[in-house]
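Here the structure is a predicted model, which is why all the values come from computation and not from measurement. Sequential numbering from 1 along the given sequence is applied to the chain's residues.
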Amino acid sequence: MLHFVQRESCVICGGRTMTPILTTPPHPIFQGCVSFAPEADECAPMAWSECTTCGSAQIVSLPPLERIYQAGHATGLGAAWARHHAAFVEFLKTEAGGAVVDVGGGSGTLAAAYRAAGGCADWTILEPNALRAPQLPADVAVIDGFLDSAALARIKADSVVMCHVLEHVTDIGQTLRTLSQAPDCAHVLLAWPELEAWTQKGLAGALNFEHGIYLTLPRLTAAFAAAGWRLKAARRWDENDTWFLSFVRGAAADERPAHGAAGATINAYYARFRQDAEMLARALDRHDGDAFLMPASIYAQALLAHGLPQGRFKSLLDNAPVKQGRRLYGTNLWVESPAKALPGAKQPLVILNGGAHETEIAASLLALRPDIRILAGDGRRIAGLEGAI
């Protein structure tokens, strides 16, 4: 039986009054793929509330972290991630100082990109359940664990790097206090998803059990300022609506950003998944052939949780070998390689909810089979299907 962690106060500012926004249908708790049969408690609803003090929003009833992060799953692979990491490491080479701890560095793709770009600082990855990449440089250390005072004291890094990691933290206010209390830490560098843009575009990676907060960029910088950190440099990576941010110790201007419309934003965000799932279900009803869903990630889970019928799909598709032959958690669907599944399929239709990787993935599918039919997760036709919707 799951034991949920109840948030009684805001994990950004500590405010004590939380106003309910909505409760979603049950979603898979873990975003990865597993080798075991489905179990009874793999899904749970997300209860979102808004802080009346700062205007940020968060899930107020969380499953245990060991279930949310029960194994590594974010491979960081693909051309879009390669371009992102190449840009971020150039930012790091300019802004970081001294030894680096790469919090949540996972498979080591950022470390490898940093070394490939000529970065020479001492580099340590701090990550629970790391998926170590084959190309991880030999001089990169890997330590299993979470960001806390003990880990920072042991590593003694000058620069803390978090590449799409801080949004995963369950208590950002406490994390900022931990960074402020670490005597060796002089720089904090982020690749931060602009959640305002991600939610507006309906990206499933924006809000979920791993990203259990909705925090605008102005509110983020204000939270850092309240903890004693000044924004030194900022650069936007437009391709996937990400900000590269460099914070240093020091007084910042008093920032009191206006409350954003968190409640309206989150309601509209989840309403879009319901609408997309209904529209795609109608397209599946009209399709006489095999159907597949891709990729095997939160981008598939979000549509399935909002009513896209699992039974209509022959399998899930994913290019990551580590996912193939496994089951997407919280579903009954198993994962195949596109190269294995598509050549013999009958009039294959792929629903591709690929976010920033959509163009890259679609091109790889069409290279395998030019007659394939592809629909985006929001119902847009990518290939074939004239008149299907």
Side-chain angles (χ1 to χ4, degrees), residues 21-22 24-25 27-28 30-32 46 48 56-59 68 73-81 83-85 87-88 104 163-168 190-217 220 236-244 260-280 293-308 316-320 328 330 350-362 374-380 382:
I21 297 172
L22 64 75
T24 72
H27 279 62
F30 173 53
Q31 294 183 18
M46 289 181 274
W48 285 90
S56 60
Q58 51 232 257
I59 299 173
I68 298 173
H73 66 83
T75 59
L77 302 176
W81 274 119
R83 291 189 296 272
H84 173 281
H85 285 358
F88 189 38
C163 180
H164 289 269
V165 167
L166 186 60
E167 62 272 21
H168 291 256
L190 308 179
W192 170 265
E194 187 179 290
L195 295 175
E196 306 94 307
W198 283 37
T199 51
Q200 185 178 25
K201 291 181 176 181
L203 300 182
L207 303 177
N208 45 68
F209 281 122
E210 289 194 12
H211 290 192
I213 54 115
Y214 176 74
L215 184 63
T216 64
L217 182 62
L220 174 70
R236 195 175 194 274
W237 178 247
D238 292 338
E239 183 176 337
N240 73 338
D241 300 300
T242 290
W243 282 93
F244 301 155
T265 296
I266 291 171
N267 272 295
Y269 176 73
Y270 287 109
R272 182 169 178 169
F273 288 121
R274 292 194 299 272
Q275 294 161 4
D276 289 346
E278 291 171 0
M279 177 172 48
L280 292 167
L293 181 60
M294 185 176 188
S297 71
I298 181 62
Y299 285 84
Q301 290 171 326
L303 289 172
L304 295 169
H306 282 91
L308 192 62
L316 290 160
L317 302 180
D318 204 289
N319 288 316
L328 181 60
V350 176
I351 292 177
L352 172 58
N353 194 26
H357 307 277
E358 179 182 282
T359 301
E360 171 193 349
I361 296 172
I374 307 175
L375 277 180
D378 60 3
R380 288 177 293 108
I382 299 176

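Atoms CG and CG, from Leu203 and Asn208 in turn, are 11.0 Å apart once rounded to the nearest 0.5 Å. For the atom pair CD (Glu360) and CG (Asn319), the distance works out to 8.0 Å, reported to the nearest 0.5 Å. For the atom pair Thr24 OG1 and Arg274 CZ, the distance stands at 10.0 Å (nearest 0.5 Å). Atom CD of Gln301 and atom CD of Gln31 lie 6.0 Å apart (nearest 0.5 Å). To the nearest 0.5 angstrom, Leu280 atom CG is 8.0 Å from Asp378 atom CG.
Residues passing the side chain to side chain donor-acceptor pair (under 3.5 Å) test with Trp198, sequence neighbours excluded: none. Residues passing the ring-ring contact (aromatic ring centres under 6.0 Å, His included) test with Phe88 are Phe244, sequence neighbours excluded.
Annotation: side chain of Glu358 is in contact with side chain of Ile382 (closest heavy-atom distance under 4.5 Å). Residues Phe209 and Ile298 fail the side-chain proximity criterion, which asks for heavy atoms closer than 4.5 Å. Between Leu195 and Leu217 there is no side-chain heavy-atom pair separated by less than 4.5 Å. Residues Leu352 and Leu375 fail the side-chain proximity criterion, which asks for heavy atoms closer than 4.5 Å. Side-chain contact between His357 and Pro295 is absent, with no heavy-atom pair separated by less than 4.5 Å. Contact check for Met46 versus Pro25: no side-chain heavy atoms found under the 4.5 Å cut-off. Between Glu194 and Thr242, every side-chain heavy-atom pair lies at or beyond the 4.5 Å cut-off. A heavy-atom distance below 4.5 Å is not found between the side chains of Leu293 and Leu328.
Just one of Ile21, Ile266, Ile59 meets the side chain to side chain contact (heavy atoms under 4.5 Å, CB included) condition when paired with Tyr214; it is Ile266. Tested against His306 for a side chain to side chain contact (heavy atoms under 4.5 Å, CB included), the candidates Gln275, Glu278, His27 yield a single pass: His27.
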Can you check ring-ring contact (aromatic ring centres under 6.0 Å, His included) on His164 and Trp81, steps first, answer last? CA-CA 11 Å; His164 289 269; Trp81 274 119; 5.5 Å; yes
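Contact check on Glu196 versus Lys201 returns no salt bridge, with no Lys/Arg side-chain nitrogen under 4.0 Å from an Asp/Glu carboxylate oxygen.
Across every non-hydrogen atom of His211 and Gly205, the tightest pair is ND1-O, 2.7 Å.
The aromatic rings of Tyr270 and Trp48 are tilted relative to each other, their planes meeting at an angle between 30° and 60°.
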